[in-house]
Amino acid sequence: MSGNNPGIIVVQKIYILSTGALADVNVAIDQVEPAGPLVGMTNGDDQAGQKTTILSFDLSKPGPAKHAVVQLTSTAPPASATKVCQGMIYIAGTLTDCTAYRPN
C-alpha cells in the first residue's frame, strides 16, 4: 500500500537478528524503502524472544528516490545528506548508536 492517504499511516516493521552486520541493515533498507521511507530504528525482541534490530517504514508515503544509509553515529555524517533517524540497534551482537542519512 503506497500513496497519499490523509490521516492514515501504515507502518511496516522489519526485524533483523542481533547477530546481523551493518551491511545487513542497509540491505534491508534497500529492499523495503521502494515501498515507503525509513522512519525509525530501535532494538527489541521478536516474537520468539530473540534480540533484534527493528526498522520502521511508513508505507503510507511513496518510496524515496534515494535510499537511506545507516552508519555508526560516531563517524562523521556524509556530505550532502539529511539525517533520517537515530537509534540504538544491534550490530554484530552489540547494541550500537547508529544514524540513518538520506543522500540529498
Side-chain angles (χ1 to χ4, degrees):
M1 177 176 207
S2 180
N4 294 323
N5 300 312
I8 298 174
I9 297 173
V10 179
V11 175
Q12 178 177 352
K13 292 184 178 182
I14 302 297
Y15 297 82
I16 301 168
L17 290 177
S18 63
T19 55
L22 184 58
D24 297 325
V25 174
N26 285 312
V27 166
I29 292 169
D30 282 344
Q31 291 174 344
V32 180
E33 269 207 323
L38 176 72
V39 293
M41 57 185 177
T42 189
N43 66 82
D45 296 341
D46 66 8
Q47 292 178 346
Q50 296 176 307
K51 301 291 183 202
T52 61
T53 287
I54 305 168
L55 304 176
S56 298
F57 299 84
D58 184 349
L59 301 187
S60 63
K61 295 181 180 175
K66 297 180 181 178
H67 297 171
V69 176
V70 174
Q71 67 181 47
L72 303 179
T73 300
S74 60
T75 60
S80 301
T82 302
K83 182 178 176 179
V84 173
C85 59
Q86 182 175 348
M88 295 295 289
I89 64 173
Y90 284 102
I91 303 296
T94 301
L95 270 177
T96 306
D97 190 15
C98 290
T99 303
Y101 295 95
R102 185 173 320 286
N104 295 334

Intermediate values then yes/no, side-chain contact (heavy atoms from CB on, under 4.5 Å), T52 and I16: CA-CA 5 Å; T52 61; I16 301 168; 5.9 Å; no
Atom [atom1] of [X] and atom [atom2] of [Y]: how far apart are they, to the nearest 0.5 Å?
X: H67; Y: D30; atom1: NE2; atom2: CG; result: 6.0 Å
X: E33; Y: D58; atom1: CD; atom2: CG; result: 11.0 Å
X: Y15; Y: Q50; atom1: OH; atom2: CD; result: 12.5 Å

CA sep, side-chain torsions, deciding dist, call: T82, N104, side-chain contact (heavy atoms from CB on, under 4.5 Å): CA-CA 7 Å; T82 302; N104 295 334; 2.7 Å; yes
For residues [X] and [Y], report the shortest heavy-atom separation together with the two atoms involved.
X: V70; Y: N26; value: N-OD1, 2.7 Å
X: Q71; Y: L22; value: CA-CD2, 4.2 Å
X: P37; Y: P62; value: CD-O, 3.5 Å
X: A68; Y: I29; value: O-CG2, 3.4 Å
X: G20; Y: D24; value: CA-OD2, 3.4 Å

Criterion side-chain contact (heavy atoms from CB on, under 4.5 Å) on L55 and K13, from CA distance to verdict: CA-CA 6 Å; L55 304 176; K13 292 184 178 182; over 6 Å; no
Donor-acceptor contact present, side-chain T96 to main-chain T94, <3.5 Å: yes
T73 (side chain) donor-acceptor with T99 (main chain) under 3.5 angstrom: yes
Path from I54 to I14 over hydrophobic side-chain contacts below 4.5 Å: no
F57 with V69, same ILVMFWY side-chain cluster at under 4.5 Å: no
Show me the donor-acceptor pairs within less than 3.5 Å that the side chains of residues 84-92 make with the rest of the protein, sequence neighbours left out.
{"residue": "Q86", "atom": "OE1", "partner": "K83", "partner atom": "NZ", "Å": "2.8"}
{"residue": "Q86", "atom": "NE2", "partner": "D97", "partner atom": "OD1", "Å": "3.1"}
{"residue": "Q86", "atom": "NE2", "partner": "D97", "partner atom": "OD2", "Å": "3.1"}

By side-chain hydrogen bond (donor to acceptor under 3.5 Å, both in side chains) - contacts of D46 (at least two apart): none
Those residues that, when tested against N43, pass side-chain hydrogen bond (donor to acceptor under 3.5 Å, both in side chains) (two or more places apart): none
